[in-house]
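One structure is given here, and the rest of the page talks about it.
One-based numbering along the sequence shown. Not measured: the values here are computed from a predicted model.
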Amino acid sequence: MDQEDRIALFLDYENLALGARDHRGGSAFDFRPIADALAERGRVVVRRAYADWSYFDEDRRMLTRSHVELIEIPQRMGASRKNAADIKMAVDAIELAFERDYISTFVICSGDSDFTPLVHKLRELNKRVIGVGVEGSTSGLLPPACDEFLYYDRLEGVDIPPARGRRARPATRQAGAEQRAPEPEREQEPEVDRRPAGEEPGRDVDALAVFVAQSVAGLQGSANGEVTASRLKRTLLRKDPTFSESDYGFRTFGELLRHLAERNVIELGEGPAKGDPEVSLPEHGDREVAFGLLRGVVADLGSGGNPVALSGLKNQVRRARPDFSEKKLGYRSFLQFCKAAATAGVLDLRWSPEADDYLLTTQT
């Protein structure tokens with residue numbers, strides 16, 4: 001038990017419940033998926049929810065069954081109920097951070113950017129902070145401030161909202177649409193289909209491969225010691241607190257790493273502990289092929305030993321190999337890739353003040 005994280009959970013219940021109903025087709029908020037997600041991360045020792053419960057009478061029983069302490073914030077004449085709940089929740093969290101040293105993780109369930117200073121202060125006190133919010137009602141300022149951010153909509157066990165509810169918001173933009181329901185319904189179908197398509201690049205496995213390769217390259221270049229899977233996962237969460245392998249269709253982080261290893265994006269080796277393999281970038285294979293491709297393009301463009309400018313060179317490389325991407329090899333930029341090729345002795349790279357550009361030549 002000493003190895004488990006002790007978690008304190010604070011729910012801005014009005015923000016969560018109204019966010020779920022407004023952005024998930026009228027669906028009722030369910031606390032169980034949040035409880036299950038936190039159970040995987042540690043032992044929850046404090047559970048508190050803040051609201052004027054006269055507005056959420058039906059939800060009391062659900063939360064009580066889950067052993068959540070209900071903090072009553074009654075609405076007062078001339079006072080802001082929202083601010084009262086937020087301030088009470090922030091004060092209680094800071095008080096707990098000082099009084100309970102054994103609590104290592106604080107979970108702030110809200111999408112309100114007003115809690116960003118609280119998150120910063122908790123992290124300053126050496127506490128890990130996990131945020132939870134409804135995707136459609138979460139401020140863009142809050143997730144980057146947290147160590148990890150979980151979107152309620154993506155948690156295991158959260159029901160998919162009804163299709164009619166998802167079409168409700170776009171339909172309100174069309175005046176008189178209620179009297180001609182069938183026509184807007186047909187027109188809105190492509191919009192519903194396009195929305196996931198618009199989100200797809202952010203959850204595309206190729207984009208994920210680039211993200212992981214860049215992170216491994218950065219850890220290998222700046223960190224001491226081996227890069228383990230657990231260390232890589234923590235780094236990915238620091239870069240993107242909303243990262244979750246389940247968004248890409250993988251059940252575990254290990255399954256994701258094995259998939260990338262099969263695609264030769266990374267290599268897996270025996271790590272210091274069972275289930276925590278060492279992760280590295282391939283030293284041969286694709287990288288040597290890419291270096292050879294670069295050398296061949298430079299040789300063709302600079303026939304006769306003439307230098308080739310870096311500007312526009314990447315487009316020429318892609319003409320020779322359309323699927324080329326230096327980021328899949330772990331390089332942050334095409335210049336960094338060319339510098340690595342020069343270090344490997346594949347070609348010469350130098351800065352020319354006259355050309356105001358890098359010039360590449362093949363070695364003779």
Side-chain angles (χ1 to χ4, degrees), residues 7-44 47-51 55-68 70 105-112 115 129-140 142-144 146-170 191-200 202-204 208 233 236-237 240-253 255-256:
I7 299 175
L9 170 63
F10 293 84
L11 296 101
D12 178 8
Y13 197 78
E14 182 174 349
N15 180 276
L16 288 176
L18 297 184
R21 292 171 187 174
D22 292 346
H23 298 276
R24 293 182 47 77
S27 301
F29 174 77
D30 185 5
F31 174 72
R32 180 178 48 82
I34 294 179
D36 291 344
L38 296 182
E40 298 169 356
R41 288 163 171 80
R43 180 169 171 240
V44 181
R47 301 184 182 193
R48 296 178 184 174
Y50 298 75
Y55 287 84
F56 304 99
D57 191 57
E58 296 180 359
D59 298 350
R60 290 188 182 198
R61 187 175 302 174
M62 171 194 66
L63 294 172
T64 302
R65 283 199 302 265
S66 298
H67 309 288
V68 177
L70 306 182
T105 301
F106 282 75
V107 179
I108 306 300
C109 294
S110 176
D112 194 341
F115 286 105
V129 181
I130 300 175
V132 182
V134 177
E135 194 163 6
S137 62
T138 296
S139 167
L142 188 59
C146 301
D147 293 293
E148 182 179 3
F149 196 91
L150 307 175
Y151 284 116
Y152 170 77
D153 319 59
R154 305 181 191 177
L155 294 179
E156 185 71 26
V158 176
D159 295 331
I160 299 175
R164 289 182 180 275
R166 297 181 68 181
R167 294 194 192 105
R169 279 193 301 165
E191 291 187 17
V192 175
D193 292 338
R194 280 197 299 267
R195 193 173 302 163
E199 295 176 358
E200 188 67 24
R203 304 183 192 178
D204 184 78
L208 174 64
K233 177 68 178 287
L236 297 179
L237 284 172
D240 179 10
T242 67
F243 169 78
S244 173
E245 60 273 4
S246 62
D247 290 341
Y248 300 88
F250 299 99
R251 292 170 295 179
T252 64
F253 189 61
E255 182 179 332
L256 163 62

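Here Ser244 pairs with Ser246 under the side-chain hydrogen bond (donor to acceptor under 3.5 Å, both in side chains) rule; sequence neighbours left out. With sequence neighbours left out, the side-chain hydrogen bond (donor to acceptor under 3.5 Å, both in side chains) criterion links Glu148 to Arg41, Arg128. Every ring pair (Phe, Tyr, Trp, His ring centres under 6.0 Å) that Tyr151 has, sequence neighbours left out, goes to Phe149. Phe243 pairs by the ring pair (Phe, Tyr, Trp, His ring centres under 6.0 Å) definition with nothing, not counting sequence neighbours. Listed by chain and residue number, Phe29 satisfy the ring pair (Phe, Tyr, Trp, His ring centres under 6.0 Å) test with Tyr152 (two or more places apart in sequence, or in another chain). Here Arg251 pairs with Glu255 under the salt bridge (Lys or Arg N to Asp or Glu O under 4.0 Å) rule; sequence neighbours left out. By the side-chain hydrogen bond (donor to acceptor under 3.5 Å, both in side chains) test, Arg32 pairs with Asp30, sequence neighbours left out. Considering only residues two or more places apart in sequence or on other chains, Arg65 meets the side-chain contact (heavy atoms from CB on, under 4.5 Å) condition with Arg61, Met62. In terms of the salt bridge (Lys or Arg N to Asp or Glu O under 4.0 Å) criterion, Arg47 has no residue partners (sequence neighbours excluded). By the side-chain hydrogen bond (donor to acceptor under 3.5 Å, both in side chains) test, Ser110 is found to be paired with Asp12, residues two or more places apart in sequence or in another chain being considered. By the ring pair (Phe, Tyr, Trp, His ring centres under 6.0 Å) test, Phe253 is found to be paired with no residue, residues two or more places apart in sequence or in another chain being considered.
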request  = Report the C-alpha separation of Arg154 and Glu135 in whole Å, then their side-chain angles, then the decisive distance to 0.1 Å, and conclude whether the side chain to side chain contact (heavy atoms under 4.5 Å, CB included) test is met.
outcome  = CA-CA 9 Å; Arg154 305 181 191 177; Glu135 194 163 6; 2.8 Å; yes

request  = Under the side chain to side chain contact (heavy atoms under 4.5 Å, CB included) rule, what do Val44 and Val107 come out as? Steps first, then yes or no, please.
outcome  = CA-CA 10 Å; Val44 181; Val107 179; over 6 Å; no

task = Step by step, work out the side chain to side chain contact (heavy atoms under 4.5 Å, CB included) result for Ile34 and Leu155.
result = CA-CA 7 Å; Ile34 294 179; Leu155 294 179; 3.8 Å; yes

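Put simply, OG on Ser139 and CG on Asp112 are 7.5 Å apart, with the number rounded to the nearest 0.5 Å. Leu236 CG to Thr242 OG1: the interatomic distance, rounded to the nearest 0.5 Å, is 11.0 Å. Rounded to the nearest 0.5 angstrom, Leu237 CG and Ile130 CD1 are separated by 9.0 Å. Put simply, CD1 on Ile108 and CZ on Phe115 are 7.0 Å apart, with the number rounded to the nearest 0.5 Å. The CG atom of Leu150 sits 7.0 Å away from the CG atom of Leu38 when rounded to the nearest 0.5 Å. Considering CZ of Arg48 and CG of Leu9, their distance stands at 10.5 Å, rounded to 0.5 Å.
The two residues Pro241 and Pro144 make their nearest non-hydrogen contact at CG-CA, 4.1 Å. Closest approach of Leu16 and Gly133 over heavy atoms only: CD2-CA, 4.2 Å. Nearest heavy-atom pair, Ser137 versus Gly19, reported as atom, atom and distance to 0.1 Å: OG-CA, 3.7 Å.
Using a 4.5 Å heavy-atom threshold, the side chains of Val68 and Phe31 count as touching.
Judged by distance alone, the side chain of Asp153 and the main-chain N or O of Val134 form no donor-acceptor pair under 3.5 Å.
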